[in-house]
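Computed from a predicted model, the values in this text were never measured in an experiment. Side chains are part of it too, since the values below use all heavy atoms of this structure and drop only hydrogens, waters and symmetry mates. If you read the sequence from its start, that first residue is 1, and numbering goes on from there.
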Amino acid sequence: MRRTAGIFLVLLFFATTCTFAQSVRPQIRASFSIEQRTGYKILTVSNLWPGANATRTYVLYPRGSQPPKDIKADLFIQVPVQRVVLYSTTYIPALEGIGELEAIVGVDNASYVYSPALRERIQAGKVIETSKNWMPDIERLIALKPDVIFNYGLGNEWDTFPKMQEVGLPVVLLGDWNEQDPIARAQWAVFIAAFFNKEEKALERVNALAKAYTTLKSLAAGSATRPKVLVNGPFRGVWTVSGGQSFMARIIQDAGGDYLWADSKDTGGLNLSIEAVFERAMRADIWLNPVYGANRIADIRALDPRFAALPVLQKGQIWTNELRMSPGGGNDYFESAVMNPNLVLADLIAIFHPELLPGHKFMYYKKLNE
């Protein structure tokens, strides 16, 4: 369950017939729209993956009624939905936030789930794993009779949704992973909430976290220093770093950091040689997420003997986002961080500028020791 890339931001708008309170309408920057019509809603999604030109349209109409006529759409869905399958753990917090966790009847890979409440339901047999050998188990999905399957597209051969659509399963595609703006990613919770007729509740939460994010960003902007930040680590001779216009680059900048690849115009990852990264890494003050599963700085040093010469390693400024892990290996950073960018920002500010947030309790990040 999951993914990063580039985007054209569009405005989420509501027709004048929309009943949501004006006070809970933040400026939405995510690439979807919700239009309220008389008796139904039209959801339009664009920019689903890098280079995607097609849009998807979903019509939501009241449960027990007939779908509207003379409207073209990729899917007509009765709402509120009651049985949901998720193909990304990033959707879990959106359902938890509106009190609809019990609507989940299936997940892609159960081992990736961090949510204690959802893991309890999985262990009790109330939520079923729906992938087999990394591919969707179509027979199991059909047997679950879902009202909707929330999934995503990559635009390549690794996409799982085409096989589902071939047999008529109700697949709804989200493009949250393709957003580079941290608030825009979080705003996809509103899209999910629309399937439960709980947009207002989701909007209130998004509005609050956006305000908290802006406050923290302003705090970091006042710092006199900006530490240089290195990300990720090598795998099989390739070191993939985030592009300078990516989600990670944006949040590092907002936290008052100087990202070492900020000059890049890429929104996705840059696949570089270890030697190419090492040249810039020598200037790093802080190193984030060097390798999965590292518990000590010694684990990082063991990756490559050249790392011993890095000043950032000598200073011990190595941090990983694996503070919250489930017994099965589910990392909460890859589950709830998307819907809580303000908490990620607070962690990074506390790493880059600890004097700004004294006594900060970390949510996702932990410092590695020798």
Side-chain angles (χ1 to χ4, degrees), residues 1-3 43 45 48-49 56 58-60 63-64 67 73-177 188-189 191-196 325-332 334-336 338-339:
M1 289 184 178
R2 215 40 136 192
R3 54 287 212 222
L43 278 62
V45 180
L48 287 164
W49 55 80
R56 296 291 191 280
Y58 307 107
V59 171
L60 311 185
R63 181 168 291 278
D74 292 281
L75 206 60
F76 291 82
I77 300 176
Q78 295 189 64
V79 294
V81 293
Q82 297 173 340
R83 299 177 62 81
V84 176
V85 174
L86 307 181
Y87 263 67
S88 173
T89 56
T90 59
Y91 310 149
I92 296 170
L95 275 77
E96 283 187 309
I98 58 174
E100 294 290 349
L101 197 69
E102 293 187 359
I104 301 172
V105 296
V107 294
D108 174 12
N109 190 318
S111 65
Y112 290 159
V113 174
Y114 174 83
S115 167
L118 186 55
R119 282 193 287 111
E120 281 186 14
R121 294 181 59 78
I122 292 170
Q123 291 167 4
K126 296 178 180 179
V127 178
I128 305 301
E129 189 172 74
T130 60
S131 285
K132 185 177 182 180
N133 297 325
W134 303 101
M135 295 300 293
D137 188 327
I138 298 299
E139 291 184 0
R140 185 168 290 183
L141 284 167
I142 292 173
L144 282 174
K145 298 180 179 179
D147 296 319
V148 64
I149 300 173
F150 288 123
N151 204 341
Y152 61 94
L154 298 171
N156 58 34
E157 68 276 12
W158 293 104
D159 281 332
T160 58
F161 70 87
K163 291 184 179 296
M164 300 178 192
Q165 291 179 329
E166 286 175 9
V167 296
L169 286 164
V171 180
V172 168
L173 297 180
L174 283 76
D176 60 308
W177 74 277
W188 281 86
F191 179 87
I192 291 174
F195 291 80
F196 297 89
M325 301 288 291
S326 73
N331 185 343
D332 192 33
F334 296 115
E335 182 167 305
S336 71
V338 166
M339 297 297 178

Say whether, by atom type as modelled, one donor and one acceptor occur between the side chain of [X] and the main chain of [Y] under 3.5 angstrom.
X	Y	result
Arg56	Val172	no
Thr89	Tyr114	no
Asp74	Tyr58	no
Asn109	Ser111	yes
Glu335	Val113	no

First locate atom [atom1] of [X], then atom [atom2] of [Y], and finally report the distance between them rounded to the nearest 0.5 Å.
X	Y	atom1	atom2	result
Leu95	Ile104	CG	CD1	5.0 Å
Glu120	Leu118	CD	CG	10.0 Å
Ser88	Leu174	OG	CG	8.5 Å
Glu139	Leu144	CD	CG	12.0 Å
Trp49	Tyr152	CH2	OH	12.5 Å

Quick one, [X] and [Y] - any side-chain contact, counting heavy atoms below 4.5 Å?
X	Y	answer
Leu173	Val45	no
Gln82	Arg63	yes
Pro327	Arg119	yes
Asp108	Leu86	no
Leu43	Phe195	yes
Thr90	Met339	no
Trp188	Tyr91	no
Val84	Asp147	no

Indicate the atoms forming the closest heavy-atom contact of [X] with [Y], along with that distance.
X	Y	value
Ala194	Leu60	O-CD1, 3.5 Å
Val107	Val85	N-CG1, 4.4 Å
Met135	Lys163	CE-CE, 3.5 Å
Gln78	Gly64	OE1-N, 2.7 Å
Ser336	Pro93	CA-CG, 3.5 Å
Ala103	Phe196	CB-CE2, 3.8 Å

Run through Asp332, Val338, Leu101 and flag the one making a side-chain contact (heavy atoms from CB on, under 4.5 Å) with Ile92.
Leu101

With Tyr87, the side chain to side chain donor-acceptor pair (under 3.5 Å) member among Asn151, Thr130, Thr160:
Thr130

